[in-house]
K.L.:
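First the structure, then my questions, so here it is.
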Amino acid sequence: MAVSVKDVAAAASVSVGTVSNVLNRPDKVAPDTVARVQAAIDRLGFVRNDAARQLRAGRSRSIGLVVLDSANPFFAEVARGAEERAAADGLSVLLGNSDQSPEREAAYLDLFREQRVNGVLVTPSGLDPAAVRRLTDAGVPVVLVDAAFAGGEVASVAVDDVEGGHLAAQHLLAQGRRRLAFVGGPRGIRQVADRLAGARRALEAVPDATLEVIEQGALTVLHGRRAGEDIARRRAEDRPDAVFCANDLLAVGVLQGASILGEIRVPEDLALIGYDDIDFAQSTVVPLSSIRQPAREIGASAVELLLETMADAAAAPASPRSPRQVRFRPELVVRASSGG
Ligand code: RIB
C-alpha cells in the first residue's frame with residue numbers, strides 16, 4: 001500500500017500539518033524538522049501526487065465552517081478551537097450560520113466550493129449527502145462536526161450524545177427524582193434525538209420513573225422560558241420534579257420561566273440539568289448542572305482531521321483509508337441546579 005503523509009508524520013514524530021508544510025512551504029519549518037521529515041520521506045519511499053497539489057495550489061488559504069446556530073456559545077467555542085488549530089497551519093476559517101436551515105446550509109456549502117476553500121467543516125442541520133458529494137467530487141475534503149453519516153463515508157468529530165443523555169437522566173434519578181421531563185428541540189436534529197434516546201435508556205432501569213417530552217421549535221433561551229412558564233402554570237401535582245434540557249440555552253430559559261411565579265424553587269421543587277456546559281452555565285442565578293462537550297477540542301480535532309484528509313488527497317494513496325470517526329466522551333458537571 002502506498003506510503004501516506006500520516007505514515008511519514010508518524011516516522012518523523014511530527015503532525016501531518018508539519019509534513020504538509022515541509023512539502024509546500026519548507027521555509028516556514030525549522031531546518032532540523034525539514035531534515036527529519038525529508039529523511040522519513042526518503043526512508044519510506046513516500047511519493048507525493050503533484051496533480052492533487054497543483055489542483056489545490058489555486059485554492060485560498062482558508063477552511064469553510066458551517067454551524068447550526070452561531071448565537072449558541074457552544075458553536076462559538078467550536079469555531080474558536082477550529083480557528084486556533086487552522087492558524088497553526090497558516091489557514092483562516094470562514095464562518096457560515098445555517099440557522100438550522102438545510103437551504104442556508106446548502107447555499108454555504110456551494111459558496112465555499114466556489115470560493116475554492118481547502119476544506120469544509122459542517123455541523124449539519126439536514127445535510128444532504130449530495131451536497132457533500134458536490135464538494136468532495138470537486139476535490140474539497142469535508143469533515144462533519146458534532147454529527148456523523150450512518151455509513152461513516154465522511155470523516156467526523158462528535159460526542160456520544162446517547163451516552164450524554166443517559167448520564168443526565170441517570171443523575172436526576174440518582175437524586176431521587178421520578179417525574180422527569182425532557183425539554184428539547186425538533187427531533188429531526190440528531191443531537192436532540194440521541195440525547196432523548198439516552199435519557200429513555202436510563203429510565204429503563206427505574207420502573208417507577210416517568211419521562212414527559214416537551215418539544216420546542218428551537219433550542220434557544222426563549223423557547224426554554226416558554227417551557228418553564230408552562231410548567232409553572234400547572235398544578236403542583238402535574239409538574240415534573242426534574243427537567244433535562246437538550247442544551248444549556250434551553251435550561252437557562254427553563255430556569256427563568258419556572259421561577260417567574262415564585263412558586264417553584266430550583267432544585268428543591270425542580271432539579272434542572274442542561275447540555276454543553278457553556279461558560280454562562282456556571283454563572284446563572286442557580287449555577288447549572290450540565291453535560292460538558294469539549295467544544296474547543298472538537299473544533300481543533302475537526303481541523304486536524306481535515307488536514308489529514310487534505311494531506312492524504314495530496315498523496316493520493318492507491319488505496320485510501322476509511323474516513324476517521326473521532327468520538328469524545330461527555331462529562332457530567334454537577335452544580336446547584338440539580339442539588340450539587
Ligand atoms: O444546536 C443544538 C445543540 O447541538 C447545541 O447546543 C450543541 O449541544 C450541539 O451539540
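Counting starts at 1 for both ligands and their atoms, following the listed order. What you see below is based on every heavy atom in this structure, not just the backbone, and it leaves out hydrogens, waters and symmetry mates.
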K.L.:
Judged by modelled atom types alone, do Asp7 and Ser4 share a side-chain donor-acceptor pair under 3.5 Å?
P.N.:
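Looking only at side-chain atoms, Ser4 and Asp7 do form a donor-acceptor pair, the distance falling under 3.5 Å.
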K.L.:
Around atom 2 (C) of ligand 1, find the nearest protein heavy atom and jot down its residue, atom name and distance.
P.N.:
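It is Leu219 CD2, 3.9 Å.
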K.L.:
Can any side-chain N or O of Arg195 pair as donor or acceptor with the backbone N or O of Ala246 at less than 3.5 Å?
P.N.:
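Checking the backbone N and O of Ala246 against the side chain of Arg195, a donor-acceptor pair under 3.5 Å is found.
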K.L.:
With nothing but distance in play, are any N or O atoms of Asp146 less than 3.5 Å from an N or O of ligand 1?
P.N.:
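There is such a contact, yes.
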K.L.:
Looking at Asn247, which atoms of ligand 1 are within less than 4.0 Å of one of its heavy atoms?
P.N.:
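The atoms of ligand 1 under 4.0 Å from a heavy atom of Asn247 are 6 (O).
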K.L.:
In terms of side-chain heavy atoms, does Ser289 have a donor or acceptor partner in His171 at a distance below 3.5 Å?
P.N.:
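Distance-only check fails for Ser289 and His171.
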K.L.:
Linking Ile, Leu, Val, Met, Phe, Trp and Tyr through side-chain heavy atoms less than 4.5 Å apart, which residues share a cluster with Leu261?
P.N.:
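Joined to Leu261, directly or through intermediates: Ile260.
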K.L.:
Using a strict 4.0 Å cut-off to heavy atoms of Asp276, name the atoms of ligand 1 that fall inside it.
P.N.:
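Heavy-atom distances to Asp276 below 4.0 Å select 5 (C), 6 (O), 7 (C), 8 (O).
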K.L.:
Number the atoms of ligand 1 from 1 as they appear, then name those within less than 4.0 Å of a heavy atom of Phe75, with their elements.
P.N.:
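Atoms satisfying the 4.0 Å criterion: 1 (O), 9 (C).
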K.L.:
Going through the distances and angles, do Arg327 and Asp160 end up as a salt bridge (charged side-chain N to carboxylate O under 4.0 Å, His left out)?
P.N.:
CA-CA 7 Å; Arg327 288 297 170 269; Asp160 183 334; over 6 Å; no
K.L.:
When clusters are formed from ILVMFWY side-chain contacts under 4.5 Å, directly or step by step, what else is grouped with Val333?
P.N.:
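Once heavy-atom contacts under 4.5 Å are chained together, Val333 still belongs with nothing else.
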K.L.:
So which of Asn72, Ile291, Leu68 gets nearest to atom 5 (C) of ligand 1, if we judge by its closest heavy atom?
P.N.:
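Heavy atom nearest to atom 5 (C) of ligand 1 belongs to Asn72.
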K.L.:
Which bit of Arg195 is near ligand 1, meaning a heavy atom under 4.0 Å away: side chain, backbone, both or neither?
P.N.:
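Side chain only; the backbone of Arg195 stays clear of ligand 1.
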K.L.:
Which of the atoms in ligand 1, numbered in the order shown and given with their element, are less than 4.0 Å from a heavy-atom of Gln293?
P.N.:
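The list of qualifying atoms is 7 (C), 8 (O), 9 (C), 10 (O).
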